[in-house]
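A short worksheet on the structure shown next.
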Amino acid sequence: MTVRLRFAPSPTGRLHLGNIRTALVNWLYARKAGGELLLRIDDTDAERSKPEHAAAIEADLTWLGLGWDQFARQSDRMARYAEVVAGLKSAGRLYPCFESPEELELKRKLALSRGRPPIYDRAALKLSAAEIAALTAQGIAPAWRFKLEPGAIRWHDLIRGDVHFEAEHLSDPVLVRPDGVPVYMLASVVDDLDFAVSHVIRGEDHVANTAVQIQLFETLGGPVPVFGHFSLIADAAGEKLSKRAGASSIEDLRADGVEAMAILSLLAKLGTSDPIELRPDLATLVAEFDIAKFGRNRPKLDMAELDLLNAKLMHALPYAAVSSRLPAGATEAFWLAVRANLTRGSDAGDWWQVVTGPVTPLIDEPEFIAAAAALLPPEPFDATTWSSWTAAVKAATGRKGKDLFLPLRHALTGRGHGPELATLLPLIGRERAMARMGGGVA
RNA sequence: GUCCCCAUCGUCUAGAGGCCUAGGACACCAGCCUUUCACGUUGGUAACGCGGGUUCGAAUCCCGCUGGGGACGCCA
């Protein structure tokens, strides 16, 4: 049997770190097993789904290097779902419900206030044929629920081990809306069956769904896939992933100069027993991947950790990998000079301004800076200019160490820290250097 | 409220009764290197949520408590 996994996002927004983790784990599992990955766009909810989001999801995955072997879109498969629904109806597993959403909401609140689980009370099951006919005659279209069989539902979860649910604790799920459109619960199972999905790996927010879906798989006569539910990630404070931490879109991170491998390294290791370290490529991640390394704790995702990994990546990133994203005019020499001081690619712009100006110099001691300026050699500048110049300044003023170098750095860059001046000075050039040492903005 | 899950250094975790005066990685601190940052290197600080039990012995098993999370949608 071919190992086949799927990543099934709903195109209701951009991909964020939480989504990507699901995509990555499925991708890694498929690759490790020599299997295939299906990208399925779960867009049965027409109101919330947007085609542009689907396109963006594909673009984001492609940028990350997470390719797929097959592609499907649920909105293309409505006829197939209708066929399955007809079968379920004739098998007596679907029953019509005429309650309005408001009515159901009220029932839930009532149950909750009485200390009862807010599951559907199956009132519709008690409707007589005459009552159903009457309701239908009034023009009320019913939603169709799947009648769950009572009893225990068990499966062996790749991450959680043996799991079991009592069907009595679950609500009969609506499978078809009054307008005839199937709900995710149904479409997902039909697709998993039709595309021969062998493993379903998703967040733990789906465990109860899995119990319901197992009955659906069995009812539809198909093989039940292997399931795995990993715990959801929290932000650094242990709270639900928010915009601030983690939920920012991949698109934004990318625009900010966060590299794919930094994101991938973090997400592949977070919550596993492997150390969270920058890994060189996806192949390494595949080699190291083992679903058994995932724990059941709820890991915290700290954006500072992402920055740490990205900074490490930046420090060794070749010019060719970034040249197109650098400010116009930025050269390889510039990149090599500043990359060790970057956290995100977008930081390069700040140093570009330090090189090209305008920079407001910090003149700590005008006399010393004037003396140094007088000794600045003529152009051309090269890699040795800095050391020969500072040696001359040292000889003339008797200064050394921090007293010698920090005032010069302040005057030349306006900052107290930054890339090595030996490499920066030739980029700044004599004209700007002289202007800044004179106290001018340049 | 009901059902399910979780609880070890700041963080991710190892630990399946004695091998644990609890190991690793990252972060942090200090030394070395260094004009800054970074890199490298050496060393260091730092954790079993609480209370009962079982046992000769518990981070490990059981119960309770506390704390956290998920689910309970005509969303996915």
Side-chain angles (χ1 to χ4, degrees), chain A residues 8-12 19 42-45 47-49 74 97 99-101 104-105 108 111-120 141-145 157 159-161 163-166 168-171 173-179 181-185 187-188 202-212 229 231-234 236 238-240 266 269-278 293-302 304-305 308-309 311-312 314-316 338-342 386-387 390 394 400-406 408-409 413 415-422 424:
Chain A
S10 61
T12 52
N19 287 332
D42 282 8
D43 56 355
T44 52
D45 186 342
E47 279 184 22
R48 304 200 311 155
S49 298
Q74 291 189 325
C97 300
E99 294 97 337
S100 67
L104 292 170
E105 184 56 36
R108 274 192 290 270
L112 234 28
S113 69
R114 280 208 220 117
R116 312 248 95 220
I119 58 176
Y120 182 58
W144 294 80
R145 287 187 191 259
D157 195 282
I159 294 161
R160 312 184 116 208
V163 179
H164 103 276
F165 269 87
E166 296 298 330
E168 290 84 339
H169 293 144
L170 271 11
S171 234
V174 167
L175 257 35
V176 187
R177 298 182 178 95
D179 62 2
V181 175
V183 169
Y184 154 83
M185 193 69 77
S188 177
R202 67 220 308 200
E204 70 176 358
D205 51 332
H206 280 285
V207 271
N209 289 337
T210 294
V212 170
H229 298 86
S231 26
L232 268 15
I233 45 187
E239 301 291 315
K240 207 173 194 141
L266 176 64
K269 300 305 185 185
L270 188 67
T272 74
S273 50
D274 281 340
I276 297 171
E277 293 177 327
L278 184 66
K293 290 179 179 173
F294 281 80
R296 295 210 249 177
N297 288 354
R298 171 173 232 229
K300 298 185 188 72
L301 184 145
D302 190 345
E305 193 129 28
L308 237 25
L309 294 176
K312 190 151 198 157
M314 284 288 153
H315 300 338
V338 303
R339 67 179 183 181
N341 291 72
L342 305 180
W386 173 255
S387 61
T390 53
K394 181 180 180 181
K400 60 180 179 179
K402 196 177 174 184
D403 291 338
L404 169 65
F405 296 110
L406 195 59
L408 292 176
R409 176 177 289 282
T413 69
R415 305 177 180 214
H417 61 92
E420 238 182 287
L421 280 168
L424 222 46

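Throughout, a chain's letter reflects where its sequence line sits, starting with A, and its residues are numbered from 1.
Using a 4.0 Å heavy-atom distance criterion, A:Thr272 is classed as a sugar-phosphate-only contact. Counting non-hydrogen atoms under 4.0 angstrom, A:Thr44 reaches the backbone sugars and phosphates but no base. Using a 4.0 Å heavy-atom cutoff across all strands shown, A:His206 reaches at least one base atom of the nucleic acid. Backbone-only engagement by A:Arg160 is indicated by non-hydrogen atom pairs under 4.0 Å involving sugar-phosphate atoms exclusively. Counting non-hydrogen atoms under 4.0 angstrom, A:Glu277 reaches the backbone sugars and phosphates but no base. No engagement by A:Arg114 is indicated, since no non-hydrogen atom pair under 4.0 Å with the nucleic acid exists.
Shown here, B:C26 forms a base pair with B:G10; the pair counts as Watson-Crick or G-U wobble because both key distances fall under 3.5 Å. Remark: B:A71 base-pairs with B:U2. Criterion, Watson-Crick or G-U wobble with two distances under 3.5 Å.
In this structure, CG of A:Asp302 is placed 11 Å from C1' of B:C26, rounded to the nearest angstrom. Between the CG atom of A:Asn209 and the P atom of B:C74 there is a distance of 12 Å, rounded to whole Å. Across the protein-nucleic acid pair, A:Met314 atom CE and B:A38 atom P stand 16 Å apart, rounded to whole Å.
For A:Arg48, counting side-chain heavy atoms from C-beta on, the closest listed nucleotide (B:C6, B:C74, B:C75) is B:C75.
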